[in-house]
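Since this is a predicted model, take the numbers as computed values, not measurements.
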Amino acid sequence: MSITSQASQRINALLDDNSFVEIGAMVTARATDFNLKQTETPSDGCITGYGVIEGNLVYVYSQDASVLGGSIGEMHAKKITNLYDLAMKTGAPVIGLVDSAGLRLQEATDALNAFGEIYMKQTLASGVIPQITAIFGTCGGGLALVPALTDFTFMEGKKAKLFVNAPNALAGNEISKCNTSDAAFQSEEAGLVDFVGEGSEILSQIRNLVCMLPSNNEDDNSYVECTDDLNRADETMAACVGDSSIALSTIADDHLFVEVKAAYAKEMVTGFLKLNGMTVGAVANRSEIYDENGEKTASFDAALSPAGCDKAAEFVSFCDAFNIPVLTLTNVNGFTADKCSEKRIAKAAARLTYAFANATVPKVNVVTGMAYGSAYVVMNSKALGADITYCWPDAKIGTMDARLAAKIICDGQGADAVNECAKEYETLQTSASSAARRGYVDTIIEPADTRKYVIGAFEMLFTKREDRPAKKHGTV
C-alpha cells in the first residue's frame with residue numbers, strides 16, 4: 001500500500017487513528033493478456049482491510065485509481081468478496097470507497113464474472129449488515145449497481161461521477177445539456193445518493209451514520225448513554241408542523257437528526273435520531289422548509305408523491321431489517337394529483353403501505369397536522385399496525401377537510417347551511433377528540449411534550465414481539 005495514495009489517505013481519514021489493518025496487500029493481477037504481465041498492479045488497485053469508527057468495527061475497501069484506473073478484475077473483486085465474507089462472519093458494516101474506471105477490459109469475461117461475484121455478496125449481505133458506498137471518482141456502467149445494492153450512498157459533489165450510461169450516450173442528450181452523472185442529478189432527480197459533500201465532509205458524515213446504526217441485524221451496539229433531559233419540553237414544537245425536520249431535531253437527544261436523501265422528494269423526510277440513547281428511524285411529511293435563519297425557502301402540498309412514497313418505503317424496510325424502531329410525524333391531506341404522478345402513485349403508495357404493515361419493529365405515530373383520507377391510512381396508521389398513536393390537539397383526522405365534506409353533504413343548499421354543517425362535521429368527524437373516542441388515537445398530547453411521550457412509548461415497546469404468517473417473502 002502506497003502511504004501517499006489517495007485510496008489509503010481516505011481510509012486513514014475515515015477510521016479512528018492507527019486502527020486500520022490491511023488484508024491482502026500483496027495481491028496483484030493474475031491476468032497476462034495485453035501486456036498486463038509487464039504492468040505493476042500493487043494491491044490490484046484495491047486496498048482492503050478493517051478498523052474502527054468510534055470503537056465500532058468496520059470493513060473498508062478503497063479503490064486506487066492510480067493502478068489501472070482502479071478498474072475491477074478477477075483479483076480486485078476477490079479482495080472485495082473476501083472482505084464481505086469476513087464482515088458477514090463477524091457481523092460488521094462494509095464501507096466501499098469507490099474511484100474506478102469500471103470493468104477491466106483486458107480481463108474481459110473474468111472481469112464480468114468478478115462483477116457478478118460482488119453483486120452476489122452484496123445481495124447475501126443485504127439486511128444482515130449495513131452497507132455503505134462513497135463515490136469519490138468515477139462509478140460507471142456495471143459498477144453503478146454497487147451503490148444501488150448498498151443501503152446508503154455518499155458522493156463527492158464536484159468530481160465524482162455516477163452513471164450506468166454516460167450522459168453523452170443518452171439519446172438526445174450530452175453532458176453540457178444535462179449532466180446525468182453528477183451528484184446533483186443523482187441525489188435530487190434519481191434519488192440514488194443520500195449525502196453530497198466535499199471529500200472530508202463525506203468521511204465525517206459516514207462516521208456519524210455508522211455511530212447511529214447497529215453493526216448487524218442481530219446484535220445492536222448502537223445504544224449510547226443519554227445525557228439529555230428525557231422530559232425536556234419545547235414550546236416551539238407547535239410551530240414545526242410544516243417543517244418536520246426541525247421537529248425531529250427538536251425532540252432528538254442533543255438535537256441531532258441525521259437526515260438521509262435530504263435532496264430527494266423533499267416533501268418526505270427520512271433519517272435517524274437518538275431517543276434516550278436508542279437509535280430510531282423517522283419518517284415524516286413536510287410542507288415547508290426553513291433555513292437556519294428561520295426564513296422559509298420552499299413550500300409543498302401536504303400530499304404523498306410517488307417519489308416520497310418510494311423514499312419512505314425503502315427507509316422503513318431498512319429499519320425493519322435491522323430492528324430499528326420507527327417514528328412517524330403525520331401531516332398529509334391526500335396524494336399528489338397530476339398526470340405524471342398518476343402513472344406511479346398507486347404502486348408507490350402500495351409499496352409504502354406494505355412497508356409499514358410488514359414491519360414488526362416498534363412503531364409510533366404522531367399526528368401533528370392533517371391526516372385525511374387514504375393518505376393518512378398509508379402513513380403508519382393504527383390500522384396498519386402502529387403500536388401507539390399520539391395526536392396534537394389541533395390535528396385533524398378524517399376522510400377530508402370538514403368544509404369540503406360539508407359542500408358535498410349540503411349540495412344545493414345555501415352558505416349558512418354549509419357553514420353550520422362544516423362546524424358540526426369538524427366536531428363529530430375530523431377533530432382529534434373524535435378520533436380518540438373511536439380508539440384511533442391513544443392519547444392527545446401537547447406539542448411541547450412530544451419528546452417525553454415518544455421516549456416513553458418506545459421504552460414500553462422495547463420488548464415487542466410480533467409473529468406473522470409463515471411465507472418465503474411478500475411480493476409487493
Please determine whether the number of non-hydrogen atoms from other residues, nucleotides or ligands lying under 6.0 Å from atom [atom1] of [X] exceeds 12.
| X | atom1 | result |
| --- | --- | --- |
| Asn221 | CG | yes |
| Met460 | CE | yes |
| Glu466 | CD | yes |
| Lys382 | NZ | yes |
| Glu198 | CD | no |
| Asp467 | CG | no |
| Phe458 | CZ | yes |

Is the shortest heavy-atom distance from the side chain of [X] to the side chain of [Y] under 4.5 Å?
| X | Y | result |
| --- | --- | --- |
| Phe163 | Leu170 | no |
| Phe136 | Val98 | no |
| Asn331 | Ser287 | yes |
| Ser244 | Thr368 | no |
| Ile72 | Leu103 | no |
| Thr330 | Val332 | yes |
| Asp64 | Gln6 | no |
| Val210 | Val58 | yes |

[X] to [Y] - nearest heavy-atom pair and separation:
| X | Y | result |
| --- | --- | --- |
| Asn380 | Ala386 | O-CB, 3.2 Å |
| Phe185 | Asn179 | CB-O, 3.6 Å |
| Leu327 | Leu248 | CD2-CD2, 4.1 Å |
| Ser381 | Tyr376 | CB-O, 3.8 Å |
| Arg286 | Ala262 | NH2-O, 4.4 Å |
| Ile345 | Thr336 | CD1-OG1, 4.4 Å |

Chi angles and distances behind the side chain to side chain contact (heavy atoms under 4.5 Å, CB included) call for Asn216, Asp219
CA-CA 6 Å; Asn216 56 69; Asp219 302 316; 3.7 Å; yes
Gln186 vs Asp182, side chain to side chain donor-acceptor pair (under 3.5 Å): CA-CA, chis, key distance, verdict
CA-CA 6 Å; Gln186 292 296 335; Asp182 71 356; over 6 Å; no
Going by atom types alone, do [X] and [Y] pair a side-chain donor with an acceptor below 3.5 Å?
| X | Y | result |
| --- | --- | --- |
| Thr90 | Tyr59 | yes |
| Glu459 | Asn276 | yes |
| Tyr84 | Gln131 | yes |
| Thr123 | Ser126 | no |
| Thr150 | Gln122 | no |
| Glu288 | Tyr290 | yes |

Would you call [X] and [Y] a salt bridge, taking side-chain N to carboxylate O under 4.0 Å as the test?
| X | Y | value |
| --- | --- | --- |
| Asp44 | Lys79 | no |
| Asp85 | Lys89 | no |
| Glu156 | Lys159 | no |
| Glu188 | Lys266 | no |
| Arg207 | Asp16 | yes |

Atom [atom1] of [X] and atom [atom2] of [Y]: how far apart are they, to the nearest 0.5 Å?
| X | Y | atom1 | atom2 | result |
| --- | --- | --- | --- | --- |
| Phe300 | Asp243 | CZ | CG | 9.0 Å |
| Leu14 | Ser19 | CG | OG | 8.5 Å |
| Cys226 | Asp254 | SG | CG | 6.5 Å |
| Ser62 | Glu22 | OG | CD | 10.0 Å |
| Ile11 | Thr48 | CD1 | OG1 | 8.0 Å |
| Cys309 | Phe335 | SG | CZ | 6.5 Å |

Hits for side-chain contact (heavy atoms from CB on, under 4.5 Å) against Asn231, two or more places apart or cross-chain, chain-then-number order -> Asp229, Lys452
Apply the test side chain to side chain donor-acceptor pair (under 3.5 Å) to residues Asp194 and Thr153: give CA-CA distance (whole Å), side-chain angles for both, the deciding distance (0.1 Å), then the verdict.
CA-CA 5 Å; Asp194 294 275; Thr153 300; 4.6 Å; no
Start with the C-alpha distance between Asp291 and Lys296, add both sets of side-chain angles, then the distance that settles salt bridge (Lys or Arg N to Asp or Glu O under 4.0 Å), and finish with yes or no.
CA-CA 6 Å; Asp291 63 19; Lys296 186 190 294 186; over 6 Å; no
Please step through side chain to side chain contact (heavy atoms under 4.5 Å, CB included) for the pair Thr328 and Phe356, ending with a clear verdict.
CA-CA 10 Å; Thr328 49; Phe356 276 126; 3.5 Å; yes
Sole candidate of Lys274, Met212, Met278 that passes side chain to side chain contact (heavy atoms under 4.5 Å, CB included) when paired with Ser222:
Lys274
Residue that, paired with Tyr50, satisfies side chain to side chain contact (heavy atoms under 4.5 Å, CB included) out of Val94, Ile23, Leu86, Val60
Ile23
Take Gln63 and Tyr61 through the side chain to side chain donor-acceptor pair (under 3.5 Å) test and state the conclusion after the steps.
CA-CA 7 Å; Gln63 294 175 315; Tyr61 68 87; over 6 Å; no
For Ile95 and Ile206: C-alpha separation, side-chain torsions, deciding distance, then whether side chain to side chain contact (heavy atoms under 4.5 Å, CB included) applies.
CA-CA 9 Å; Ile95 302 171; Ile206 293 175; 4.0 Å; yes
Test Phe154 against Val196 for side chain to side chain contact (heavy atoms under 4.5 Å, CB included), laying out the working first.
CA-CA 6 Å; Phe154 295 72; Val196 176; over 6 Å; no
Using the ring centroid of each side chain, check whether Phe272 and Phe315 are separated by less than 6.0 Å.
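When the ring centroids of Phe272 and Phe315 are compared, they turn out to be within the sub-6.0 Å range.
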Aromatic ring centroids of Phe152 and Phe318 under 6.0 Å?
yes
Criterion salt bridge (charged side-chain N to carboxylate O under 4.0 Å, His left out) against Asp387, the qualifying member of Lys363, Lys464, Arg465
Lys464
Side-chain donor/acceptor of Thr270 to backbone N/O of Val260, under 3.5 Å:
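Confirmed, Thr270 side chain pairs with Val260 backbone.
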